[in-house]
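Shown next, in structure tokens, is the structure this report addresses.
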Amino acid sequence: FDLIEKEDIQKLINKYSVNHSPKSTNNLHGFISAVFRLYKPDMKIYTTLPKRTHVEPYIPSEREVKLILEYAKEKYPNYYIPLLLGACGLRRGEICALNKEDVEGNSILIRKSMIQNKNNEWLIKQSPKSKAGYRKVIVPKEATDFIKDHDYAYIGCPDNINARLHDIQKQLGIKDFSFHKLRHYYCCMCHNLGIPDIYISKSVGHEHISTTQNIYTHADKQKTIDMQTLVADYFCNNILE
């Protein structure tokens, strides 16, 4: 430790940040700082860290979701119901754990999830991702009928659903986004229908309502831009001509 200088730490952080995210770099710096506080408390570390970037959540369009569901229903029927349930706000692990005992009419009880253990084995955990994950979700009747008839929504692991989604997107020539983004679509759709935030949050199993709100804030920003563009075009075509 006596041979290490502040400049050495800065060089390490700079090198690490090239191939790692700002969050990972900050975590490494936090670990290094904790070690030095323990073994070399007199050394004051002042390091320039990369700024964290805010990534806007992608929200699939209604057209994209419709194309994916139509294509899956025709070409990959085993994946149609999982993708439909994803567009209804369910997580992949929740979908893979469903059976007919979880169906009540047109509702699905979310009370377990498929997870991967330390040995990379997939197993059913008798609880969802969080306490907020326990919920009842009303979904299209064809989804609940399928589960009641087959005793499952999907046979396989969550990773396979995501892989198939990417394959479908590639074949359709549409933007590549993860299965989780279908939940974003659901939240945005509910918001546009005027459903209060608290009910949207409960439907998708978010622990904090702010998580739900952050998703469709991006969509509202885009709507604002579209509206302003429409007004600007009106000025150009009708007032300033």
Side-chain angles (χ1 to χ4, degrees), residues 57-60 64-172 174 176-190 200-207 211-212 215:
Y58 180 74
I59 301 174
E64 289 173 328
V65 173
K66 185 176 181 179
L67 284 174
I68 289 170
L69 291 178
E70 289 177 346
Y71 193 84
K73 191 170 188 177
E74 179 182 355
K75 301 292 185 179
Y76 304 106
N78 291 340
Y79 288 87
Y80 170 65
I81 294 300
L83 291 171
L84 174 60
L85 292 174
C88 291
L90 275 69
R91 299 180 176 93
R92 290 178 300 157
E94 296 169 345
I95 294 168
C96 292
L98 290 175
N99 58 40
K100 62 184 179 183
E101 295 178 356
D102 302 311
V103 177
E104 289 185 358
N106 287 353
S107 300
I108 291 178
L109 301 177
I110 308 298
R111 48 192 177 184
K112 54 185 182 294
S113 181
M114 180 177 283
I115 64 170
Q116 200 168 22
N117 63 18
K118 295 180 180 179
N119 298 321
N120 294 322
E121 299 170 331
W122 290 100
L123 51 87
I124 302 297
K125 180 182 178 183
Q126 296 301 317
S127 63
K129 184 177 180 181
S130 65
K131 290 183 179 179
Y134 287 97
R135 61 198 192 279
K136 179 186 288 188
V137 182
I138 298 176
V139 299
K141 187 174 182 296
E142 62 179 320
T144 51
D145 285 347
F146 180 92
I147 298 172
K148 286 186 286 187
D149 291 342
H150 296 81
D151 194 29
Y152 62 82
Y154 173 74
I155 296 179
C157 70
D159 287 346
N160 292 343
I161 301 178
N162 206 42
R164 179 58 69 190
L165 173 60
H166 291 319
D167 183 49
I168 292 174
Q169 291 164 337
K170 183 178 180 180
Q171 295 181 50
L172 290 174
I174 63 177
D176 184 68
F177 57 83
S178 69
F179 184 89
H180 190 76
K181 299 301 185 293
L182 292 174
R183 282 166 53 80
H184 291 181
Y185 163 77
Y186 179 80
C187 291
C188 187
M189 178 180 63
C190 291
I200 303 174
S201 183
K202 288 182 177 181
S203 294
V204 295
H206 284 156
E207 288 191 86
T211 303
T212 310
I215 291 172

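None of these values were measured; they are calculated from a predicted model.
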Give, for atom [atom1] of [X] and atom [atom2] of [Y], the distance between the pair rounded to the nearest 0.5 Å.
X    : Y    : atom1 : atom2 : answer
D102 : T144 : CG    : OG1   : 12.5 Å
S178 : H184 : OG    : NE2   : 7.5 Å
I200 : T212 : CD1   : OG1   : 7.0 Å
L69  : I81  : CG    : CD1   : 9.5 Å

Under the 3.5 angstrom rule, does the side chain of [X] hit a backbone N or O of [Y] as a donor-acceptor pair?
X    : Y    : value
D151 : K100 : yes
R92  : I161 : no
R91  : S113 : no
N162 : F179 : yes

> Is there a side-chain contact (heavy atoms from CB on, under 4.5 Å) between L165 and I68 once you walk through the steps?
Replying inline: CA-CA 8 Å; L165 173 60; I68 289 170; 3.9 Å; yes
Quick one: does [X]'s side chain get under 4.5 Å of [Y]'s, heavy atoms only?
X    : Y    : answer
K170 : D176 : no
S201 : T211 : no
L83  : K73  : no
E142 : L84  : yes
E74  : E70  : no

>> Going by the rule side chain to side chain contact (heavy atoms under 4.5 Å, CB included), which residues pair with N160 if we only count those two or more places apart in sequence or in a different chain?
In response: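 Checked N160 against side chain to side chain contact (heavy atoms under 4.5 Å, CB included); matches are Y79, Y154, C157.
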>> K136: which residues meet the side chain to side chain contact (heavy atoms under 4.5 Å, CB included) condition with it, sequence neighbours left out?
In response: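 Listed in chain order: E104, S107, L109.
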Is the count of non-hydrogen atoms from other residues, nucleotides or ligands lying under 6.0 Å from [X] atom [atom1] greater than 12?
X    : atom1 : answer
Q116 : CD    : yes
L172 : CG    : yes
K148 : NZ    : yes

>> Between L90 and Y186, is the side-chain contact (heavy atoms from CB on, under 4.5 Å) condition met? List the steps.
In response: CA-CA 9 Å; L90 275 69; Y186 179 80; over 6 Å; no
What is the minimum heavy-atom distance between [X] and [Y], and which atoms define it?
X    : Y    : result
C187 : H206 : SG-CE1, 4.2 Å
N78  : P82  : O-CD, 3.5 Å
I168 : A72  : CD1-CB, 3.9 Å
C96  : G156 : SG-O, 3.7 Å
C88  : V139 : CB-CG1, 4.1 Å

> With respect to E94, which candidate in K112, R111, M114, R135 satisfies the side-chain contact (heavy atoms from CB on, under 4.5 Å) definition?
Replying inline: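 Of K112, R111, M114, R135, side-chain contact (heavy atoms from CB on, under 4.5 Å) with E94 is met by R135 alone.
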> Mind checking what makes side-chain hydrogen bond (donor to acceptor under 3.5 Å, both in side chains) contact with D167, not counting sequence neighbours?
Replying inline: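 Scan of D167 (side-chain hydrogen bond (donor to acceptor under 3.5 Å, both in side chains), adjacent residues dropped) gives Y76, R164, Q171.
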> Partners of H150 by ring pair (Phe, Tyr, Trp, His ring centres under 6.0 Å), sequence neighbours excluded?
Replying inline: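 H150 satisfies ring pair (Phe, Tyr, Trp, His ring centres under 6.0 Å) with F146, Y152 once adjacent residues are dropped.
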>> Among residues at least two apart in sequence or on other chains, which ones pass ring pair (Phe, Tyr, Trp, His ring centres under 6.0 Å) with Y185?
In response: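 Counting only residues at least two positions away or on another chain, Y185 forms no ring pair (Phe, Tyr, Trp, His ring centres under 6.0 Å).
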For residues 120-128, which side-chain N or O atoms pair as donor and acceptor with protein atoms under 3.5 Å away, sequence neighbours left out?
residue, atom, partner, partner atom, Å
E121, OE1, N117, ND2, 3.0

